[in-house]
Amino acid sequence: MSFLKAKAPRSREKRLDTMSAWQGTASALAAELSAKAGVQRIRTFSQSSHDDLLYALRLLAGIRDSVTVVHAPRGCAAAGLYYQTGGVGGRIAVTNLDERDTIMGADLKLRRAVKALYHRYRPEVVFIVSSPVVAINNDDIQSVVEELHEELELSIVPVYVTGFASSNAVTGYDATLHALLKYLGGPRRDQEPGGKVNLLAVAEQRQDLREALRLLAALGAQANVLPDRASAGAFEEATSARFSIPLDRDTEDYLGASLRDKYGVPYVEAPRPIGLAATGRWLAALGAALGTEEEARKLHERETESAGSELGGFSLLGVRVYLSLGTAAAFGLLELVREFGGEVAGITVSHLDQLHCRRLQELAGRYPDLPVHVADGQPFEELSIIKRLAPDLYLGDSAHLGQVGRLGIAALSLENAPILGYRGLAWLARRISLALENRSFGAALAAIAPPYRQAWYRRSPNWHIKQEVK
Amino acid sequence: MADHIEGSRNSCALHGTLAVVESIEGAVPVIHGTAGCGVQNYLGVTRLNPGSDPFGAPPISSSNIGEKHVVFGGGSRLREQLKNTVKVVRGDLYAVLSGCATEMVGDDIPAMAKEGREQGWPVIFANTPGFRGAVHQGYQLAVKALIEQLPDLGLAPVGAAAAGAVNVWGIIPRQDPFWRGNLEELGRLLEGIGLAPNLLFAQGEGVAAWQRVPGAVLNLAVSSWGELPARLLAERYGTPLLSAEGLPVGRAAGELLRRLARLLSLDPARVEAFIEQEERRLNAHLAGLADTYYRNGFQREYALVGESAQLAGLNDFLVGTLGLLPRLLIVTDNPPEQLREALAGRLAGQSPGRPPELAFSEDRAEIADLILAAAPELLLGSSLEAGVARQLGAPFLQVSFPAADRVLLSRGYAGYRGAATLLEDLGSAILAHAQAAAR
């Protein structure tokens, strides 16, 4: 029961039957997921995709006044350079393990790195992130943490990721949130009735966070945002908050559930606030928890009206859309596309698990034949699916939009785009209109040959997805 | 000396190998490692090179090993991945590259590549765990694998190398953000004196260009990292090599062409005529800039952060032609100890006045400290130094990796044209800074 006792949480596969490879119709998928057979599928051909280490780095790069030490060979911190460009000043260093260290172990290097970085920056907290090499080698991170914690009187938080133990990168968010709360949460405290509300946010856009905070403020709630842009203190503060509300339950579930089960902080169930209807439901859930249902209803009416005037005559009538996103965002956009009269031709989601059972049942009831593809990355499969479906518009957070654009499909990247709440909707509507208005860039790309063989496109897109043989 | 690195800009050996293989048209990398190895490279290297996406290549074919492969070995997973890569991804050459985890487990990469070759597939391999070094070591591992393994693959013959073919080594794609532009200009200069450049990575240079490597009359290394392949080829084929001792910028390009001409006994009249024409054009640009130069006080004390070859080349031009004053030079690519002294000597020799302070570091914090202490009036470095430049209130130009705020397609600072481009970029940075300060 207790979420936080172990060194690291169990992998998503073990905890929630999370799947990372699947392709078929919504009804077949719903049937399989509800059967809870626990059948895992693997790929016999795969392309590189995120792992738990990358997600840990992405999350930690956003923690204020922190230093992250990646205990690994140098390449395992490469993405840190990229995450830091959008971060808030969390620093990332790597212990730079060499061949000898992989044989002899390198506790000493880790110890020296933590000490040197502590003396240089005097951060509030130091994170130590493990890696494939350290996981295989069994380097003793825990004793370094305990000794230096005493010696330096410093919060040191170990985050145990491996790069191979789970095929779902979202396990890395679980592992990081587990560590943050375990080491920074402190003892159980009483809830403060008029206290703050935990706004759970993992890797959200700055504008999206601002929009959520604006709505919270409009209902008179003070927010404690975590983990995005949080300081170490926010995790302790979180344990006495009135309640927690998520922006993306897929990524934040572990944090919300841990706060509820270990600290008794209520965890409000709310959808990802994408589109008018879902934002309304998110607001209603917030209002109910705050005891301001009426104000929440009125706020939604007001905002819907002003959003309406900003949207003008925006419509997706007759537009067939393909969605390729993190799961919660994909489900949110699916609803949004319908709200504006569009048709969803198919979706690719990063993963699916028990958190999505109800949602999938609804979906299968309404659109039993909707093509669903479960994959992180894997553009070879997605492009084959898209070529068959020939949608008009592609909305995705993927890394292969050029490949989509060259097929004559209007493509919009949502990776660094605000999509939440009323303001996100206005932004999205404007960008979609522009993407549909001119597809010349995609046409210009069509002259370049795509990377896959013709023979591949003739195969079924799920050719390389097989049931795992234990 | 600390072991850890903050904000490392040198990535790892696997990523250096990927820089090579992904930049050869028709070559397909196959990573045998954890799922994140390829994405680390994509986020930490490719994305920080706006304009250097290998179209359609990422994400890379990767075996994405799981716990079971770590425990029981991942050889059979690699076998399956390689077989299916050949079926799904078009390619003239497949390169199996190992990551840290599969090397530690002891998977037999060469045996799997050999199995592939027995199937008739063109497969090479390189053992490239990140713990073997930085991007520079990876470049060398990849180039070595290509030189040693390509001739035995039984690829269709591509015809003899052109007369006067020269292989150009030492420019690491993406680690030199200007790699395409620099290669194109070097190629133009070699053509200008009647040679046939084999640029290996430039547009339209596929696997065939690598097959023609043994037929060159000379191997030219424009950085110390390129000396290993040049030496390797000297041993195997007896081809002479020439080390440029830095990227030639401006008049240094003329000197390099003269050295080449002497070595290959080219017609001196033709070479001099070409150099004269190039220098006339550069001189005209300098004259065109003169008024702006004096009026805006271009003559400044500067700090320069970059890899040894680029740093030596840029510094030579900034000091020797543009009359600026180097105060701090920071070399970020960890050249081997025995080269550091030679580099120090060369850099000191470039300065007519006070010799610059020279430092070797790849640690972002240490580099920032050094620059702040030197307090230069002008800073040339990577986007990791942007914050320091703001702190100093100094004009700033991104010239080394990562140049994350610059879209770089065919721009380069090598040669005569590169010198003019550098004048444009540096001059514009100084003017924009002055105008912003005046507002």
Side-chain angles (χ1 to χ4, degrees), chain A residues 43-51 53-54 69 73-85 91-99 101-102 109 112-113 116-117 120 132-133 136-137 162-165 167 169 377-380 399-400 402-403 445 448-453 455-456 464, chain B residues 2-15 31 33-45 47-48 53 55-67 69-70 80-81 84-85 87-90 99-101 104-105 129-134 365 383-384 402 404:
Chain A
R43 286 188 168 85
T44 55
F45 171 70
S46 52
Q47 293 169 306
S48 55
S49 66
H50 286 89
D51 62 9
L53 168 58
L54 282 157
V69 182
R74 50 200 310 151
C76 288
L81 276 190
Y82 175 73
Y83 291 142
Q84 278 183 309
T85 57
R91 296 169 191 281
I92 298 179
V94 65
T95 48
N96 188 18
L97 304 184
D98 60 23
E99 190 143 21
D101 299 324
T102 69
K109 279 190 178 175
R112 282 210 302 258
L117 289 159
R120 179 177 171 97
V133 163
I136 293 172
N137 232 7
T162 65
F164 56 76
S167 56
Q378 317 312 322
F380 77 107
H400 50 272
Q403 288 288 323
L445 293 175
I448 305 272
Y452 308 116
R453 292 189 194 280
W456 162 243
H464 289 294
Chain B
D3 296 308
H4 75 268
I5 313 163
E6 196 185 323
S8 163
R9 64 193 77 199
N10 289 329
S11 201
C12 74
L14 172 66
H15 298 164
I31 299 175
T34 54
C37 290
V39 179
Q40 289 273 7
N41 179 63
Y42 173 65
L43 293 174
V45 183
R47 272 205 177 174
L48 298 178
D53 279 5
F55 181 71
I60 300 160
S61 166
S62 170
S63 61
N64 299 357
I65 57 156
E67 188 131 45
H69 307 113
V70 169
E80 173 185 71
Q81 179 71 16
N84 290 327
T85 301
K87 283 185 187 161
V88 174
V89 188
R90 287 190 301 116
C100 296
M104 285 177 78
V105 168
F131 57 69
R132 279 186 83 175
S383 45
L384 299 178

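Chain letters run A, B, ... following the sequence lines, proteins first and then strands; every chain starts at 1. Given the structure is predicted, the values throughout are model-derived calculations rather than measurements.
Side-chain atoms of B/S11 and A/R74, non-hydrogen and from C-beta on, never get closer than 4.5 Å to each other. The shortest distance between side-chain heavy atoms of B/I60 and A/Q47 does not fall below 4.5 Å. A/H50 has its side chain within reach of B/L43: a pair of non-hydrogen atoms, C-beta onward, lies under 4.5 Å apart. B/V88 is not listed as a side-chain neighbour of A/R453, based on a closest heavy-atom distance of 4.5 Å or more. A/L117 places a side-chain heavy atom less than 4.5 Å from the side chain of B/H4. The side-chain heavy atoms of B/L48 and A/Y82, taken from C-beta on, include a pair separated by under 4.5 Å. Side-chain contact between B/C12 and A/P73 is absent, with no heavy-atom pair separated by less than 4.5 Å.
Of all heavy-atom pairs between A/G163 and B/T34, the closest is O-CB, 3.4 Å. Closest approach of A/T102 and B/M104 over heavy atoms only: O-CE, 3.8 Å. When all heavy atoms of A/Q378 and B/N64 are compared, the closest pair comes out as NE2-ND2, 4.3 Å.
With a 4.5 angstrom heavy-atom cutoff, A/A77 touches chain B only via backbone atoms. For B/V89, the parts lying under 4.5 angstrom from a heavy atom of chain A are both the backbone and the side chain. Of the atoms belonging to A/N137, heavy atoms from both backbone and side chain fall under 4.5 Å from chain B. Only the side chain of B/R47 comes within less than 4.5 Å of a heavy atom in chain A; its backbone stays farther off. When heavy atoms are compared at a cutoff of 4.5 Å, B/A365 approaches chain A by way of both its backbone and its side chain. Interface remark: A/S167 contributes no atoms to any contact with chain B (heavy atom separation under 4.5 Å). Contact annotation for A/I92: only backbone heavy atoms (N, CA, C, O) come within less than 4.5 Å of a heavy atom of chain B. If you measure heavy-atom distances from A/R120 to chain B, the contacts under 4.5 Å come from the side chain alone. Of the two parts of B/A13, neither the backbone nor the side chain holds a non-hydrogen atom closer than 4.5 Å to a non-hydrogen atom of chain A.
By the salt bridge (Lys or Arg N to Asp or Glu O under 4.0 Å) test, B/R132 is found to be paired with no residue, residues two or more places apart in sequence or in another chain being considered. Taking A/D51 as the reference, nothing meets the salt bridge (Lys or Arg N to Asp or Glu O under 4.0 Å) condition, with sequence neighbours excluded.
The most heavy-atom pairs under 4.5 Å with chain A, out of B/H15, B/H69, B/R9, B/Q81, come from B/Q81. Comparing B/G66, B/G130, B/G99 by heavy-atom pairs within less than 4.5 Å of chain A, the highest count is held by B/G66. Between chain B and the options A/F380, A/F164, A/W456, heavy-atom pairs under 4.5 Å are most frequent for A/F164. Between chain B and the options A/D98, A/N96, A/T95, A/V94, heavy-atom pairs under 4.5 Å are most frequent for A/V94.
Distance CZ/B/F131 to CG/A/L97: 10.0 Å, rounded to 0.5 Å.
Side-chain atoms of B/Q40 come within 3.5 Å of backbone atoms of A/C76 as a donor-acceptor pair (strictly under, hydrogens ignored).
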Worksheet item: Can you check side-chain contact (heavy atoms from CB on, under 4.5 Å) on B/L384 and A/L81, steps first, answer last?
Response: CA-CA 9 Å; B/L384 299 178; A/L81 276 190; 3.6 Å; yes
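Checking B/S63, B/S61, B/S62 one by one against A/F45, the side-chain contact (heavy atoms from CB on, under 4.5 Å) holds for a single residue, B/S61.
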